[in-house]
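Letters A, B, ... are given to chains in the order of the sequence lines, protein chains preceding strands, and every chain is numbered from 1.
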There are 2 protein chains.
Amino acid sequence: MRIGELSERTGTPRRLLRYYEEQGLILATRAANGYRHYDEPSVDRVLQIRGLLDAGLPTRIIKQILPCLDKPRIIHFPDATPEMIGTLERERDRMTRRIECLTRNRDALSEYLDVVCPEGGPVGGTVSAPVSGPVG
Amino acid sequence: MRIGELSERTGTPRRLLRYYEEQGLILATRAANGYRHYDEPSVDRVLQIRGLLDAGLPTRIIKQILPCLDKPRIIHFPDATPEMIGTLERERDRMTRRIECLTRNRDALSEYLDVVCPEGGPVGGTVSAPVSGPVG
DNA sequence: CTTGACCTTCACATCAGTGTTAGCGTTCGA
DNA sequence: TCGAACGCTAACACTGATGTGAAGGTCAAG
């Protein structure tokens with residue numbers, strides 16, 4: 001597919017897709033006319049990149065770990081230097097810490113919401129006055 | 001404690017602690033001479049902030065959710081407007097998505113590392129040559 | 001008085017992302 | 001065939017956010 005379709009299917013501005021390519025996050029083959037062509041997995045790949053960026057990973061790291069994440073376990077280790085492995089392990093551990101931190105705080109937030117707004121958010125409904133006084 | 005001690009105990013540059021205060025993430029009482037004074041929980045609070053920032057949450061959101069995360073379930077809902085609740089719910093869901101994304105990719109990365117480097121990372125040890133040829 | 005910790009403020013670095021401009025080629029439908 | 005929509009490159013600038021550096025001054029203790 002061309003850039004326009006990828007843009008629509010991923011909800012990502014064309015501009016940004018070119019930017020990701022510039023950053024080495026995605027690849028595109030080129031047609032004779034110079035147009036970028038993307039294969040089907042590119043859709044997931046872009047979404048994956050967006051997710052990781054949103055989770056705080058810098059492009060530099062994403063670029064490094066992306067090749068290790070392909071579904072078919074294609075052998076990537078020929079070019080895996082010890083330093084590279086070390087980097088990946090550190091990033092894996094950092095991701096784990098992130099997950100723990102997020103989970104902890106998400107659960108706390110969730111618990112809070114359960115208290116202030118038990119079951120089925122009435123938020124967005126017709127609320128004329130804040131429940132600030134003594135209720136009931 | 002003063003800023004220097006908090007800095008040491010959290011591994012956070014003084015400059016950054018002042019920045020967090022400027023952004024409304026932490027509070028400090030002031031001594032007569034203008035020095036900032038922090039209480040004991042500030043240590044955890046700073047670490048929590050660092051963790052959330054690292055996980056991709058912007059300061060603006062952290063500032064909003066932090067008060068809901070205090071261990072003693074102090075009643076915060078007097079000032080909880082419906083919009084605020086909505087924001088918190090959206091952020092909770094976003095955190096969940098982040099967790100899922102991170103977990104998925106962390107597991108894939110982990111699996112990859114298990115393949116290229118099964119059990120007990122020898123990385124960092126004395127590795128004279130990369131294991132690029134057929135092993136065993 | 002010197003040293004070190006603290007204060008404020010301005011400026012800067014980095015990074016992701018965006019808008020815009022200018023110039024040009026391609027695709028596709030009316 | 002014409003024009004709109006789409007694509008390309010390259011560049012420039014700029015936002016918004018996190019994070020730093022350094023200047024210049026204050027405070028407290030040896």
**Item:** Nearest to side-chain heavy atoms of A/Y19, which nucleotide of D/dT18, C/dT8, C/dT18
**Value:** C/dT18

**Request:** Return yes if the base of C/dG17 and the side-chain atoms of A/Y20 contain a donor-acceptor N/O pair under 3.5 Å, otherwise no.
**Result:** no

**Message:** What I want to check is whether an N or O donor and acceptor connect the side chain of B/R15 with the base of D/dG21 at under 3.5 Å.
**Reply:** yes

**Prompt:** Considering heavy-atom distances to DNA chain C, does B/E22 or B/E5 have its closest nucleotide positioned more toward the 5' end?
**Reply:** B/E5

**Asked** Taking C-beta and beyond as the side chain, do B/M1 and B/V43 meet within less than 4.5 Å on heavy atoms?
**Response** yes

**Request:** Quickly work out the B/I61 CD1 to D/dA17 P distance and round it to whole Å.
**Result:** 11 Å

**Asked** Over how many whole Å does the gap from B/M1 atom CE to C/dA5 atom C1' extend?
**Response** 16 Å

**Complete:** Rounded to whole Å, the CG-C1' distance (A/L52 to C/dA16) equals 15 Å

**Distance test, side-chain N/O of A/R18 to OP1/OP2 of C/dA16, below 4.0 Å** = no

**Message:** Using whole Å, what does the distance between atom C1' of nucleotide C/dC6 and atom CG of B/L17 come to?
**Reply:** 13 Å

**Residue B/L53, side-chain atoms from C-beta onward, closest of C/dC7, D/dT20, D/dG19** = D/dG19

**Asked** Got a donor-acceptor contact below 3.5 angstrom from the A/T96 side chain to the A/R92 backbone?
**Response** yes

**d(CZ, B/R14; P, C/dT8) in whole Å** = 14 Å

**Message:** For C/dC7 and B/R36 - does any side-chain N or O of the residue sit under 4.0 Å from the phosphate oxygens OP1/OP2?
**Reply:** yes

**Message:** It should be established whether B/N33 places a side-chain nitrogen or oxygen under 4.0 Å from OP1 or OP2 of nucleotide D/dA28.
**Reply:** yes

**Message:** Tell me whether A/T10 contacts the main-chain N or O of A/L6 through its side chain, where contact means a donor paired with an acceptor under 3.5 Å.
**Reply:** yes

**Message:** Closer than 4.0 angstrom, basic N to acidic O: yes or no for A/R30 and A/E21?
**Reply:** yes

**Asked** Could you give the CG-to-P distance, from B/L16 to D/dA22, as a whole number of Å?
**Response** 16 Å

**Asked** Can you check whether B/T59 has a side-chain N or O nearer than 4.0 Å to OP1 or OP2 of D/dA17?
**Response** no

**Request:** State whether B/R97 and A/D54 are salt-bridged, where the test is any N-O pair (Lys NZ or Arg NE/NH1/NH2 against Asp/Glu carboxylate O) under 4.0 Å.
**Result:** no

**Prompt:** What is the distance from CZ of B/R30 to C1' of D/dC27, rounded to the nearest Å?
**Reply:** 14 Å

**Request:** Give the rounded distance in Å between these two atoms: CZ of B/R60 and P of D/dG16.
**Result:** 12 Å

**Message:** With nearest nucleotide decided by heavy atoms, which residue, A/Y35 or B/L57, maps closer to the 5′ end of DNA chain D?
**Reply:** A/Y35

